[in-house]
Amino acid sequence: MLRVIVESASGIPKKKIGNPDPIATVLFGGEKKKTKAINNELNPVWNEVLEFDLKGSPLDASSYIDVVVKDYETIGRHKFIGSAKISLRDLACGQVKSLPSKNLPLVNEKQQSVGATIDLVIGYEAPASPNLNDQSILDISHMEA
(Lines give C-alpha, C1' and ligand atoms only; values in the text may rest on other atoms or scores of the structure.)
Protein backbone atom coordinates (compact mmCIF):
# COMPACT_ATOMS: atom_id res chain seq x y z
CA MET A 1 0.00 0.00 0.00
CA LEU A 2 1.32 3.40 -0.97
CA ARG A 3 -0.25 6.22 1.03
CA VAL A 4 0.25 9.85 0.01
CA ILE A 5 -0.91 12.52 2.43
CA VAL A 6 -1.30 15.74 0.47
CA GLU A 7 -0.94 18.27 3.28
CA SER A 8 -0.73 21.76 1.80
CA ALA A 9 0.84 24.10 -0.71
CA SER A 10 2.05 27.65 -0.38
CA GLY A 11 2.88 30.53 -2.65
CA ILE A 12 0.52 29.52 -5.48
CA PRO A 13 0.76 32.33 -8.06
CA LYS A 14 -2.21 34.66 -8.44
CA LYS A 15 -4.30 34.65 -11.59
CA LYS A 16 -4.95 37.73 -13.68
CA ILE A 17 -8.43 37.92 -12.15
CA GLY A 18 -8.94 36.55 -8.63
CA ASN A 19 -7.18 33.69 -6.92
CA PRO A 20 -6.90 30.11 -8.17
CA ASP A 21 -8.91 27.17 -6.81
CA PRO A 22 -6.04 24.68 -6.36
CA ILE A 23 -6.59 20.95 -6.75
CA ALA A 24 -3.77 18.39 -6.41
CA THR A 25 -3.53 15.20 -8.44
CA VAL A 26 -1.15 12.36 -7.55
CA LEU A 27 -0.13 10.03 -10.37
CA PHE A 28 1.43 6.67 -9.59
CA GLY A 29 1.81 3.65 -11.87
CA GLY A 30 -0.84 4.78 -14.32
CA GLU A 31 -3.34 5.50 -11.53
CA LYS A 32 -4.59 9.01 -10.75
CA LYS A 33 -6.07 10.27 -7.46
CA LYS A 34 -7.25 13.81 -6.73
CA THR A 35 -7.83 16.02 -3.71
CA LYS A 36 -10.78 18.37 -3.41
CA ALA A 37 -10.39 21.84 -4.91
CA ILE A 38 -9.87 24.63 -2.37
CA ASN A 39 -11.68 27.75 -3.51
CA ASN A 40 -9.91 31.08 -3.92
CA GLU A 41 -6.71 30.13 -2.07
CA LEU A 42 -2.98 30.83 -2.61
CA ASN A 43 -1.97 28.64 0.37
CA PRO A 44 -4.35 25.67 0.24
CA VAL A 45 -4.52 23.09 3.03
CA TRP A 46 -5.90 19.74 1.86
CA ASN A 47 -4.78 17.21 4.48
CA GLU A 48 -6.15 14.43 2.29
CA VAL A 49 -4.96 10.82 2.24
CA LEU A 50 -4.72 9.23 -1.22
CA GLU A 51 -4.07 5.47 -1.22
CA PHE A 52 -2.71 3.33 -4.05
CA ASP A 53 -3.18 -0.42 -3.83
CA LEU A 54 0.00 -2.09 -5.07
CA LYS A 55 -1.87 -5.41 -5.48
CA GLY A 56 0.83 -7.38 -3.70
CA SER A 57 3.74 -6.00 -5.72
CA PRO A 58 6.64 -4.37 -3.91
CA LEU A 59 7.76 -0.87 -4.91
CA ASP A 60 10.45 -0.78 -7.55
CA ALA A 61 13.59 1.31 -6.88
CA SER A 62 12.77 3.32 -10.01
CA SER A 63 9.22 4.10 -8.77
CA TYR A 64 8.14 7.70 -8.42
CA ILE A 65 5.01 9.76 -8.01
CA ASP A 66 4.03 12.86 -9.91
CA VAL A 67 2.10 15.54 -8.06
CA VAL A 68 0.32 18.03 -10.29
CA VAL A 69 -1.36 21.16 -8.95
CA LYS A 70 -3.96 22.78 -11.17
CA ASP A 71 -6.44 25.61 -10.91
CA TYR A 72 -9.85 23.93 -10.81
CA GLU A 73 -12.21 25.19 -13.50
CA THR A 74 -15.91 24.31 -13.47
CA ILE A 75 -16.06 24.89 -17.23
CA GLY A 76 -13.26 23.72 -19.53
CA ARG A 77 -9.88 22.27 -18.62
CA HIS A 78 -8.18 22.86 -15.28
CA LYS A 79 -5.24 25.26 -15.67
CA PHE A 80 -1.79 23.79 -14.91
CA ILE A 81 -0.03 25.57 -12.02
CA GLY A 82 2.97 23.34 -11.33
CA SER A 83 4.18 19.82 -10.63
CA ALA A 84 6.73 17.87 -8.63
CA LYS A 85 8.23 14.44 -9.22
CA ILE A 86 9.24 12.44 -6.15
CA SER A 87 11.47 9.37 -6.25
CA LEU A 88 10.32 6.49 -4.06
CA ARG A 89 13.74 4.79 -4.09
CA ASP A 90 14.31 5.16 -0.31
CA LEU A 91 10.90 3.60 0.40
CA ALA A 92 11.45 0.80 -2.14
CA CYS A 93 14.85 -0.06 -0.62
CA GLY A 94 13.29 -0.30 2.83
CA GLN A 95 15.47 2.47 4.27
CA VAL A 96 12.43 4.39 5.49
CA LYS A 97 8.73 3.62 6.06
CA SER A 98 7.60 7.16 5.36
CA LEU A 99 9.00 10.00 3.32
CA PRO A 100 8.06 13.44 4.61
CA SER A 101 8.47 15.77 1.63
CA LYS A 102 8.26 19.37 2.78
CA ASN A 103 8.55 22.53 0.70
CA LEU A 104 8.91 20.67 -2.58
CA PRO A 105 9.21 23.26 -5.34
CA LEU A 106 6.53 23.12 -8.01
CA VAL A 107 7.89 23.50 -11.53
CA ASN A 108 6.28 24.45 -14.84
CA GLU A 109 6.42 22.52 -18.11
CA LYS A 110 9.97 23.84 -18.69
CA GLN A 111 11.08 22.53 -15.25
CA GLN A 112 11.39 26.11 -13.92
CA SER A 113 10.19 26.93 -10.40
CA VAL A 114 6.81 28.65 -10.29
CA GLY A 115 7.57 29.99 -6.79
CA ALA A 116 5.13 27.64 -5.04
CA THR A 117 5.85 24.64 -2.81
CA ILE A 118 3.87 21.59 -1.70
CA ASP A 119 4.05 19.47 1.47
CA LEU A 120 3.42 15.72 1.36
CA VAL A 121 4.02 12.66 3.49
CA ILE A 122 4.43 9.42 1.58
CA GLY A 123 4.01 6.16 3.47
CA TYR A 124 4.66 2.65 2.21
CA GLU A 125 3.67 -0.74 3.57
CA ALA A 126 5.55 -3.51 1.80
CA PRO A 127 3.42 -6.50 0.85
CA ALA A 128 3.85 -9.55 3.08
CA SER A 129 6.17 -11.97 1.34
CA PRO A 130 4.48 -15.39 1.17
CA ASN A 131 7.87 -17.15 1.01
CA LEU A 132 8.88 -15.90 4.45
CA ASN A 133 5.60 -17.06 5.99
CA ASP A 134 5.91 -20.51 4.39
CA GLN A 135 9.40 -20.84 5.83
CA SER A 136 8.26 -20.02 9.38
CA ILE A 137 5.47 -22.62 9.11
CA LEU A 138 8.05 -25.23 8.06
CA ASP A 139 10.30 -24.29 10.99
CA ILE A 140 7.44 -24.69 13.47
CA SER A 141 6.41 -28.08 12.09
CA HIS A 142 10.02 -29.31 12.43
CA MET A 143 10.05 -28.23 16.07
CA GLU A 144 6.82 -30.11 16.85
CA ALA A 145 8.01 -33.32 15.19
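Side chains included, hydrogens not; waters and symmetry mates left out as well; all remaining heavy atoms used. Counting begins at 1 with the first residue of the sequence.
In this structure, Ser10 OG and Glu41 CD are separated by 10.5 Å, a value rounded to the nearest 0.5 Å. Between the CD1 atom of Ile81 and the CG atom of Asn108 there is a distance of 12.5 Å, given to the nearest 0.5 Å. Atom CG of Leu27 sits about 9.5 Å away from atom NZ of Lys34, to the nearest 0.5 Å. Once rounded to the nearest 0.5 Å, the distance linking OG of Ser8 with CH2 of Trp46 reads 7.5 Å. Atom-to-atom distance recorded for Asp90:CG and Leu59:CG is 11.5 Å, nearest 0.5 angstrom. Note that CG of Leu54 and CG of Asp60 are 11.5 Å apart. Values are rounded to the nearest 0.5 Å.
Pairing each heavy atom of Ser87 with each of Tyr64, the nearest pair is CA-CB, 4.1 Å. Listed here is the closest heavy atom pair of Lys15 and Asn19: CE-O, 3.7 Å. Across all their heavy atoms, Val96 and Leu91 have their closest contact at O-CD2, 3.4 Å. The two residues Phe28 and Ser63 come nearest to each other via the heavy atoms CE1-CB, 4.2 Å. Of all the heavy atoms in Asn103 and Asp119, the pair that sits closest is N-OD1, 2.6 Å. The two residues Pro22 and Val69 have their closest heavy-atom pair at CB-CG1, 4.2 Å.
Other residues, nucleotides and ligands place no more than 12 heavy atoms under 6.0 Å from the NZ atom of Lys32. Counting heavy atoms of neighbouring residues, nucleotides and ligands inside a 6.0 Å radius, atom CZ of Phe52 exceeds 12 of them. The local environment of NZ in Lys36 is sparse, with at most 12 non-hydrogen atoms from other residues, nucleotides or ligands closer than 6.0 Å.
Stacking of Lys70 on the aromatic ring of Phe80 is not recorded, the 6.0 Å distance cut-off and the 45° axial limit not both being met.
Taking the side chain as every heavy atom from C-beta outward, Ile65 and Leu88 approach each other to under 4.5 Å. Under the 4.5 Å side-chain criterion, counting only non-hydrogen atoms from C-beta, Val121 is in contact with Lys102.
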Any chance you could lay out the side chain to side chain contact (heavy atoms under 4.5 Å, CB included) test for Ser101 and Ile122, step after step, and finish with the verdict?
-> CA-CA 8 Å; Ser101 304; Ile122 305 161; 4.1 Å; yes
Take Arg89 and Gln95 through the test side chain to side chain contact (heavy atoms under 4.5 Å, CB included) and record every step on the way to the result.
-> CA-CA 9 Å; Arg89 184 180 21 225; Gln95 294 174 347; over 6 Å; no
From CA spacing to verdict: side chain to side chain contact (heavy atoms under 4.5 Å, CB included), Ile86, Leu120 = CA-CA 10 Å; Ile86 301 128; Leu120 310 164; 3.3 Å; yes
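No continuous path of ILVMFWY side-chain contacts below 4.5 Å connects Val68 to Ile12, so the two sit in separate hydrophobic clusters. Hydrophobic clustering (side-chain heavy atoms under 4.5 Å, transitive across Ile, Leu, Val, Met, Phe, Trp, Tyr) keeps Val4 apart from Ile23. The hydrophobic cluster containing Val67 also contains Leu104, counting ILVMFWY residues as joined when their side-chain heavy atoms lie under 4.5 angstrom apart, directly or transitively. Hydrophobic clustering, with ILVMFWY side chains joined whenever heavy atoms are under 4.5 angstrom apart, groups Ile118 together with Val114. Under the 4.5 Å side-chain heavy-atom criterion for Ile, Leu, Val, Met, Phe, Trp and Tyr, Val6 and Leu2 are members of the same hydrophobic cluster.
Looking at Glu51 and Lys33, no side-chain N of the basic residue comes within less than 4.0 Å of a carboxylate O on the acidic one, giving no salt bridge.
At distances below 3.5 Å, not a single donor-acceptor pair connects side-chain atoms of Asp71 with backbone N or O atoms of Pro20. Under the 3.5 Å distance criterion, the side-chain polar atoms of Thr35 are matched with a main-chain donor or acceptor of Ala24.
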